[in-house]
Amino acid sequence: MFYAVVDCDNCFVSCERVYRPDLNGKPVVVLSNNDGCVVSRSNEAKKLGIKMGTPYFQMRERFSEDVVTAFSSNYELYSNLTAGVMDIIKDAAPEYFRYSIDEAFCILSGMDHFDLRKWGLDLRNKILKMTGLPVSIGIARTKTLAKMASHYAKKYKGYQHCCMIDCDEKCERALRLYPVEDVWGIGRRYFARLKNMGIKTAYDFASHTRSWVRTTFNVVAERTWMELHGIDCVPNEGMTSRHKTICCSRSFATMTDNKDTLRAYIANFASYCAKKLRGEGSVAATVEVFLYTNRFRTDLAQYYPCKEIKLLTPTNLTIPIVRASGECLDMIYREHYLFKKAGVILGNITSNTGIQTNFLDDDINKQIRMKRLDDVVDRINQKIGRDLVTLSAQQYETHDEKVWTSGIADIANHRLKSKINKTNTLISNT
DNA sequence: TCTGGGGTCCTAGGACCC
DNA sequence: TCTGGGGTCCTAGGACCC
């Protein structure tokens with residue numbers, strides 16, 4: 001049985017180019033939230049030496065706007081376009097699961113007698129034709145080897161974006177040429193240790209004994225070792241299951257030690273998480289809040305607190321989740337630290353059917369009223385504009401318009417006022 | 001001046017129970 | 001003059017992924 005991994009080439013850049021074909025063949029990058037750093041690069045940008053994660057300001061010191069075109073990220077666009085890719089994959093493979101926004105694994109069971117490389121080439125061409133997005137496909141006996149094959153599919157033109165590793169000779173050749181740091185499952189930390197041991201290629205790594213890998217590293221590295229030997233052992237389950245956590249976090253344009261400002265940010269993050277939770281029909285049983293000072297400012301005192309609290313009843317209601325996030329903040333906030341980033345994580349997520357309520361919690365009538373409130377607010381926000389109606393905890397005074405360029409909540413007062421009449425009408429109608 | 005965001009899994013160690 | 005042992009659950013931290 002074989003696996004195929006299908007992933008979009010330079011996904012976000014390719015999505016932008018669908019609407020800007022004039023940028024084909026030119027250096028293009030896409031930036032993270034707040035335009036902080038580079039998260040996607042065209043091949044031309046890679047050739048210029050722009051690395052993943054390069055801070056935008058550093059890149060601009062080296063390349064002007066005429067040389068490298070930069071886009072702010074537009075996740076709605078990427079998720080719409082890649083959904084089209086997934087639809088095509090779904091029709092082409094007996095079984096598949098989405099692994100990330102731009103990547104899917106196909107389980108090619110019962111297809112051993114097929115010409116799988118031709119199958120891959122056809123799929124690649126179909127996706128390009130129907131969505132405008134170029135993908136590369138790697139095919140092999142394990143997911144880790146398929147990932148390696150997809151690297152080769154991208155790297156060497158001769159493969160025409162589809163590379164299959166289907167025998168031991170090909171596998172050995174591929175392993176010998178493959179830098180160990182590019183192996184799926186070998187990250188920066190492990191690479192640093194491997195390098196010290198003189199292990200440079202995937203072949204070097206695979207040449208050690210399984211027990212050596214187990215004792216030197218752990219079971220995860222051992223699985224990687226087995227996969228490189230063609231033993232399929234990274235489970236498919238877990239890659240498809242529901243979310244176990246939902247997180248919303250942002251870096252701030254300017255650092256702050258103001259508790260009220262942090263409280264408003266946290267309330268917004270919590271509210272956003274609650275909305276996501278409702279969107280997928282789930283409830284959460286824990287709420288965690290974390291704060292980060294600026295790790296790049298070594299001249300400043302550092303503090304990375306986090307605190308989780310359990311909810312009496314698992315919920316997806318905005319009010320109890322925002323309330324809990326505020327309690328967490330109260331427990332971890334310390335004066336005199338300048339915070340750069342904060343976030344909220346909802347955990348212990350389950351389906352919202354059959355929730356066990358706790359008699360100490362808000363009474364059922366109050367919960368029903370809160371649910372109705374969320375329903376109405378969700379509908380208004382969907383109809384008129386994101387985050388028009390929020391809890392008062394999410395509002396705050398600021399003179400810095402940049403604070404909310406992060407894309408979650410554009411709650412600048414002028415915008416609020418301009419729409420308030422329309423909203424009042426809608427609320428009375430509702 | 002400016003340095004992302006959202007996930008998963010594993011492990012060690014402490015608390016607690018019988 | 002000595003201080004159980006085994007099991008489970010939870011949490012924090014560290015590693016990885018895209």
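So that the names make sense, note that chain A is the first sequence line, chain B the second, and so on, each numbered from 1.
Computed from coordinates, the A/Glu308 CD to C/dC10 P distance equals 11 Å when rounded to whole Å. In this structure, the CD atom of A/Gln58 is 11 Å from the P atom of B/dG4, given to the nearest Å. The distance between atom CG of A/Asp7 and atom P of C/dC17, rounded to the nearest whole Å, is 14 Å. For the pair A/Asp102 CG and B/dG6 P, the interatomic distance rounds to 17 Å; values are reported in whole Å. For the pair A/Leu300 CG and B/dT3 C1', the interatomic distance rounds to 14 Å; values are reported in whole Å. Nucleotide B/dG7 holds its P atom 12 Å from the OH atom of A/Tyr75, rounded to whole Å. With rounding to whole Å, A/Phe290 atom CZ is found 14 Å from C/dA12 atom P. Distance A/Tyr78 OH to B/dG5 C1': 14 Å, rounded to the nearest Å.
A/Asp35 comes within contact range of no nucleotide atom at all, as no heavy-atom separation falls under 4.0 Å. Among the atoms of the strands shown, only primed sugar atoms or phosphate atoms (P, OP1, OP2) are found under 4.0 Å from some heavy atom of A/Ile246. Nucleic acid contact class of A/Val183 (heavy atoms, under 4.0 Å, all strands): sugar-phosphate only. Among the heavy atoms of the strands lying under 4.0 Å from A/Tyr190 are primed sugar atoms or P, OP1, OP2 only; no base atom is included. Nucleic acid contact class of A/Ile186 (heavy atoms, under 4.0 Å, all strands): sugar-phosphate only. Residue contacts for A/Arg193: at a heavy-atom cut-off of 4.0 Å it reaches no nucleic acid atom on any strand shown. A/Arg60 comes within 4.0 angstrom of no nucleic acid atom, judged by non-hydrogen atoms across all strands.
Contact between the side-chain N/O atoms of A/Lys276 and the OP1/OP2 oxygens of B/dG7 is found at a separation under 4.0 Å. Here A/Ser251 does not reach the OP1 or OP2 of B/dT3: none of its side-chain N or O atoms lies under 4.0 Å away. Proximity of A/Lys310 to the phosphate of C/dT11: a side-chain N or O atom is located under 4.0 Å from OP1 or OP2. The side chain of A/Ser32 places no N or O atom within less than 4.0 Å of a non-bridging phosphate oxygen (OP1 or OP2) of B/dT3. The phosphate of C/dC18 (OP1 or OP2) has no side-chain N or O of A/Arg98 nearer than 4.0 angstrom. OP1 or OP2 of B/dG6 sits under 4.0 Å from a side-chain N or O of A/Arg250. When the side-chain nitrogen and oxygen atoms of A/Lys244 are compared with OP1 and OP2 of B/dC9, one or more of them lie within a distance under 4.0 Å. A sub-4.0 Å separation between OP1 or OP2 of C/dC18 and a side-chain N or O of A/Lys147 is present. Residue A/Arg295 places at least one side-chain N or O closer than 4.0 Å to OP1 or OP2 of B/dG4.
Residue A/Trp184 and nucleotide C/dC17 are not classified as a stacked aromatic pair, given the requirement of ring centres less than 5.5 Å apart at an interplanar angle below 30°.
Residue A/Phe57 places its side chain closer to B/dC2 than to any other of C/dC18, B/dC2, B/dC10. The side chain of A/Val220 approaches B/dC10 more closely than any other nucleotide in the set B/dT8, B/dC10, C/dC17. Distance from the side chain of A/Lys340 is smallest to B/dT3 among B/dT3, C/dT11, C/dC18. Set against C/dC18, B/dG5, B/dG7, the side chain of A/Cys247 has B/dG7 as its closest nucleotide. Nearest to the side-chain atoms of A/Cys37 among the listed nucleotides B/dG4, B/dG7, B/dC10 stands B/dG4.
Aromatic ring centres of A/Tyr75 and A/Phe12: separated by under 6.0 Å. No close placement of the A/Tyr292 and A/Tyr303 rings is indicated, their centers lying 6.0 Å or farther apart. Separation of the A/Trp184 and A/Tyr99 ring centroids falls under the 6.0 Å cut-off.
Comparing the C1' positions of B/dC16 and C/dG4 gives a spacing of 15 Å, expressed to the nearest Å.
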Candidate pair A/Tyr96 and A/Phe105, rule ring-ring contact (aromatic ring centres under 6.0 Å, His included), full reasoning: CA-CA 6 Å; A/Tyr96 92 108; A/Phe105 282 102; over 10 Å; no
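Nearer the 5' end of DNA chain B, as judged by each residue's closest nucleotide, is the contact made by A/Val39, out of A/His243 and A/Val39.
No salt bridge links A/Glu280 with A/Lys276; every basic N to acidic carboxylate O contact stays at or beyond 4.0 Å. Under a 4.0 Å N-O distance rule, the pair A/Lys126/A/Asp122 does not qualify as a salt bridge. The residues A/Arg176 and A/Asp204 are annotated as not salt-bridged, no charged nitrogen and carboxylate oxygen being separated by less than 4.0 angstrom.
The pairing partner recorded for B/dC18 is C/dG5, the criterion being a Watson-Crick or G-U wobble arrangement whose two distances lie under 3.5 angstrom.
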